[in-house]
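Since the structure comes first, as structure tokens, the remarks are kept for the end.
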Amino acid sequence: MEQVYSNGTRASSIGGAAWTKARASDATNNCVEIARVANDEVALRNSHFPDVPLSCSRGRR
């Protein structure tokens, strides 16, 4: 059974996530990173504060 993540999950608890800087981010501000996680969910985090609880939502295919 795959792990299900929810809003408020700490990014460090998502093992093996490959974080990628979002295209809308810039070099110094608004640094959002995304990662595909279990069950076709997408996790979002602030790269300046990577272990603050994050947001998860279902991805689209």
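If you're wondering where the values come from, they're calculated on a predicted model, not measured in any experiment.
Taking CD1 of Ile14 as the reference point, atom CZ of Arg36 lies at 13.5 Å (rounded to 0.5 Å). Here NZ of Lys21 is found 6.0 Å from OG of Ser47. Values are rounded to the nearest 0.5 Å.
Among all heavy-atom pairs drawn from Ala11 and Trp19, the shortest one is CB-CZ2, 4.0 Å. Looking at every heavy atom in both residues, Val42 comes nearest to Ile34 through CG1-CB, 4.3 Å. Between Ala17 and Ala35, the shortest heavy-atom contact is CB-CB, 4.1 Å.
Between the side chain of Asp51 and the main chain of Ser12, a donor-acceptor pair closer than 3.5 Å is present.
Between Glu33 and Arg45 there is a salt bridge, with a side-chain nitrogen of the basic residue lying less than 4.0 Å from a carboxylate oxygen of the acidic one.
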